[in-house]
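Worksheet: the structure to be examined is printed underneath.
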Amino acid sequence: MPRPLRIVVAKAGLDGHDRGAKVIARALRDAGMEVIYTGLFQTPEQIVQTAIQEDADGIGLSILSGAHMTLFPLIVEQLKAQGADDIVFFGGGTIPPEDAAELKARGVREIFTPGAPLAEIIDFVQRECGKRRELVG
Amino acid sequence: MIDSRANSKPSGLSAPPDHEFVHQKEQWEAAASRGKSRTGPGSGALDRTISDLPLKTIYGPEDVRDLDLARDLSYPGQYPYTRGIHPNMYRDRLWTMRQFAGFGNAQQTNERYHFLLSQGQMGLSVAFDMPTLMGFDSDAQQARGEVGKCGVAVDSLADMEVLFDGIDMGEITTSMTINGPACIALAQYVAAAEKKGIPRKALGGTIQADILKEYIAQKEWIFPPRPHMRIIVDMMKFCRDEMPKWNTISISGYHIREAGSTAVQELAFTLADGFAYVEAGIKAGMDVDSFASRLSFFFNAHIDFFEEICKYRAARRIYARHMRERYGAKDPRSWQLRFHTQTAGCSATAQQPENNIVRVAYEALAAVLGGTQSLHTNSMDEVLALPTEKSVEIALRTQQVLAYETNATNVVDPLGGSYFIESLTDQMEREAEAYFRQIEEFGGVIEAIEAGFFQREIADASYRYQRSLETKDRVIVGVNCFEKPEDDHGIDLLKIGDEIERGQARSVERLRAGRDAGKTQEALRRLKRACTDPADNLMPHLIECVNAYATEGEIVEAMVEVYGRYTESPAF
């Protein structure tokens, strides 16, 4: 039986809204994945380090403070700098559609906004992180 | 635990059974049992409130058998204040319409305040940005991307002066939503007013300063709980002695609810926090009646209409009973739970955002039927960004329509005496008391925080709720039902550009270069010494620091050297 997918659920910056991150963490765990929750107030550098050390297949970042246009790109850069951009980086929060489109153009794989069904998020993570696992082994 | 039911015979709404009435009930039961509950979206939760309290099809005298009119209801303005804290409620005075506002820099927010006041708003409410709330200056590395986004950046007294430029601080009341660095914001407010010649004793308003709910739900902490309780007590003493019109703590359930709690958890955890502050004040040697009337509360108005109304009624009754019976308060003002309400941000949807206007109107009505003292109505676009001027205006007009057109304000506690309302109020009180017992078993609120109790209860409740949306047992219009394909929110949003962050960082650098550095350092040194001496009240030292233009980040750093920084062990 294959090893379960490993996902880092992260909170960055000064944003203390952790309701969404915790719900997603539980939902992914209940769907059979191994979930590492970083806790609050992590820097982009710390989040990428955690993902590498934990041999994670994906990083899910939650931001509800309005700092998404700063923090998402910093993580994309860090992943590239560490040669870890095979890790599937996705996120969610109160992110207007035009910002979401720009973030996706800049390398974030998917942005989920409030109201996204858990099933849709789980499907995405299983599919995309599963593909990454096949490639990386 | 208050058991007010001991040794009393009920005299309430429950009339002796009348033969005809009994017959009618039997007929109804027979007819109702032939009915077939509807199926489809939302039908999975007909028998439960949004917080999972059980609901029956109908309530009658049998549901209020234990209700004692004198003991449990009384009249408005009388103990235990179930029906309201004032005899005539809104007939004498409407609630205060107070819209929470702040964005970008102090200059921009000051302009918004002038606009709101010109539109009939009655008090100000400051929203600070995340770095300010967490005790970082705008040029700190931790502040990257956050300056001016969720509220206004206030780095020093200089920003506070601009924020209140042209506003009569002796006349208008101000609410400041800040907790970790609340003592610094209060010092800045006092100093800004005094520079205009307004004495601190003339200042009216509220500072949230409710640190316990930060550890429980909102997570904007700086220092660990135990030293922070000393800061709270210092603020309580300072306000008792020098700021007679200031409310020292706004004990907040709002954020607990937003973090995903149930209504009962919001009620119980908030009141437990309130009692912890009361106990801290008493333990510090203060007479309960010397500070209790300055404590106020802040609740959420969520979308389950009747449950919310019962929550407010239960809150007043629980608080009055505990303050009188358990803490021995003698002044009736110490028994009265006064509260501010904000409509539930978490009930708003990014999809079809105009629908939020309707949600807010129902939630505001619940707050008013529940007897709130002041109200913030959310703007339809707040789920997407900070609100535009247009959407804030609609939110304020929603309150004005409610206050002046609907006649909902003419009768006090109009739902009082309803079998359902009284039964649910009573049930919420009992469930809150059960939580108080659990918290006591941990040894108190701080011990329960350290054990992760509240955090776990809230996370469990929020996950249960999310699952009920997945199964469509519960419906959110436009989200899991009645969706529009290609949902484009189609409204204009307020954008906060990066130039705010750069400008704010430059101005804090200029401030540091331009001030009398020796004076600033000396003030910070004295503050640090006071931090190590529990007998020395911190507030005068903080006022000295802000007057010497020490920045918020510098003051926090000085205090962190003594108190340390709180960290939470992450769990989900």
Side-chain angles (χ1 to χ4, degrees), chain A residues 8-30 35-45 50 62-75 92-101 112-122, chain B residues 103 129-131 133-136 140-150 214 217-221 255 258-261 346 348-351 382-386 455 458-460 462-463 465-467 469-470 476 478-480 483 487-489 493 495-496 498 501 567-572:
Chain A
V8 169
V9 173
K11 287 294 299 181
L14 300 178
D15 176 18
H17 298 87
D18 57 5
R19 176 178 181 170
K22 286 182 173 182
V23 165
I24 298 299
R26 281 194 190 201
L28 296 179
R29 186 190 59 191
D30 288 357
V35 177
I36 301 104
Y37 172 51
T38 63
L40 297 167
F41 313 131
Q42 302 293 301
T43 63
E45 295 79 6
T50 303
S62 155
I63 297 189
L64 293 93
S65 71
H68 49 269
M69 295 310 285
T70 304
L71 294 169
F72 274 98
L74 282 173
I75 291 185
T94 45
I95 299 169
E98 49 279 25
D99 289 356
F112 297 97
T113 49
L118 291 177
E120 191 182 315
I121 300 171
I122 293 166
Chain B
F103 61 97
D129 70 356
M130 295 299 303
L133 292 171
M134 298 296 291
F136 294 107
Q141 218 225 356
Q142 292 90 336
R144 284 180 297 182
E146 315 253 15
V147 176
K149 289 279 165 61
C150 278
E214 296 299 332
Q218 185 165 244
K219 321 282 170 125
E220 287 160 11
W221 55 64
H255 321 82
E258 290 290 301
S261 84
C346 62
T349 65
Q351 295 78 0
E382 281 184 78
V383 66
L384 296 159
L386 289 187
Q455 299 92 314
I458 294 169
D460 288 347
S462 104
Y463 194 54
Y465 175 70
Q466 194 62 39
R467 297 240 67 117
L469 297 178
E470 295 288 311
I476 299 181
V479 175
N480 66 353
E483 305 99 315
D487 195 351
D488 174 10
H489 61 74
L493 297 178
K495 286 272 178 205
I496 308 294
D498 293 340
E501 184 161 323
T567 50
E568 179 188 62
S569 37
F572 63 88

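Just so we're clear, the structure is a prediction, and the values are computed from it rather than from any experiment. Chain A is the first sequence line, chain B the second, and so forth, proteins listed ahead of strands; every chain is numbered from 1. The figures here come from the full heavy-atom set of this structure, side chains too, leaving out hydrogens, waters and symmetry mates.
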Salt-bridge contact Arg26(A)-Asp460(B) (side-chain N to carboxylate O under 4.0 Å): yes
Minimum-distance pair of heavy atoms, taken over all atoms of Gly115(A) and Gln351(B): CA-NE2, 3.9 Å
Thr70(A) versus chain B, the contacting section by heavy-atom distance below 4.5 Å: side chain
Minimal non-hydrogen separation, Ala119(A) against Glu470(B), with atom names: N-OE1, 3.4 Å
Leu71(A) versus chain B, the contacting section by heavy-atom distance below 4.5 Å: side chain
Within-4.5 Å side-chain heavy-atom neighbours: Val23(A) and Ser462(B): yes
Stepwise side-chain contact (heavy atoms from CB on, under 4.5 Å) test for Gln142(B) and Phe41(A): CA-CA 9 Å; Gln142(B) 292 90 336; Phe41(A) 313 131; over 6 Å; no
Portion of Val35(A) that has a non-hydrogen atom of chain B nearer than 4.5 angstrom: both
Interface moiety of Ala459(B) toward chain A, non-hydrogen atoms closer than 4.5 Å: both
Cys150(B) to Ser65(A) - nearest heavy-atom pair and separation: SG-O, 3.2 Å
Shortest non-hydrogen separation from Pro570(B) to Gly39(A) and the atoms involved: CB-CA, 3.4 Å
Where Pro96(A) and Leu384(B) come nearest, the two heavy atoms and their spacing: CG-O, 3.8 Å
From CA spacing to verdict: side-chain contact (heavy atoms from CB on, under 4.5 Å), Arg144(B), Leu74(A): CA-CA 10 Å; Arg144(B) 284 180 297 182; Leu74(A) 282 173; 3.7 Å; yes
Residue Thr349(B) versus chain A: region with a heavy atom under 4.5 Å: neither
Segment of Met130(B) engaging chain A (4.5 angstrom heavy-atom cut-off): both
Evaluation steps, side-chain contact (heavy atoms from CB on, under 4.5 Å), between Met69(A) and Asp498(B): CA-CA 10 Å; Met69(A) 295 310 285; Asp498(B) 293 340; over 6 Å; no
Residue list, ring-ring contact (aromatic ring centres under 6.0 Å, His included) with Tyr465(B), at least two apart or on another chain: none
Set of side-chain contact (heavy atoms from CB on, under 4.5 Å) partners for Ala348(B), sequence neighbours left out: Asn356(B), Val383(B)
NZ on Lys219(B) to NZ on Lys11(A), rounded to 0.5 Å: 10.5 Å
Segment of Ala21(A) engaging chain B (4.5 angstrom heavy-atom cut-off): neither
Under 4.5 Å from any heavy atom of chain A - which part of Glu258(B): backbone
Winner by heavy-atom pair count (cut-off under 4.5 Å) against chain B, out of Ala27(A), Gly20(A), Gly93(A): Ala27(A)
Asp30(A) and Tyr463(B): CA distance, side-chain angles, deciding distance, side-chain contact (heavy atoms from CB on, under 4.5 Å) verdict: CA-CA 11 Å; Asp30(A) 288 357; Tyr463(B) 194 54; 2.8 Å; yes
Non-hydrogen atoms of Lys22(A) and Ala571(B) that approach each other most closely: CE-O, 3.2 Å
CD-CD1 distance between Glu146(B) and Ile63(A), expressed to the nearest 0.5 angstrom: 7.5 Å
From Leu40(A) atom CG to Trp221(B) atom CH2, the distance as rounded to the nearest 0.5 Å: 5.0 Å
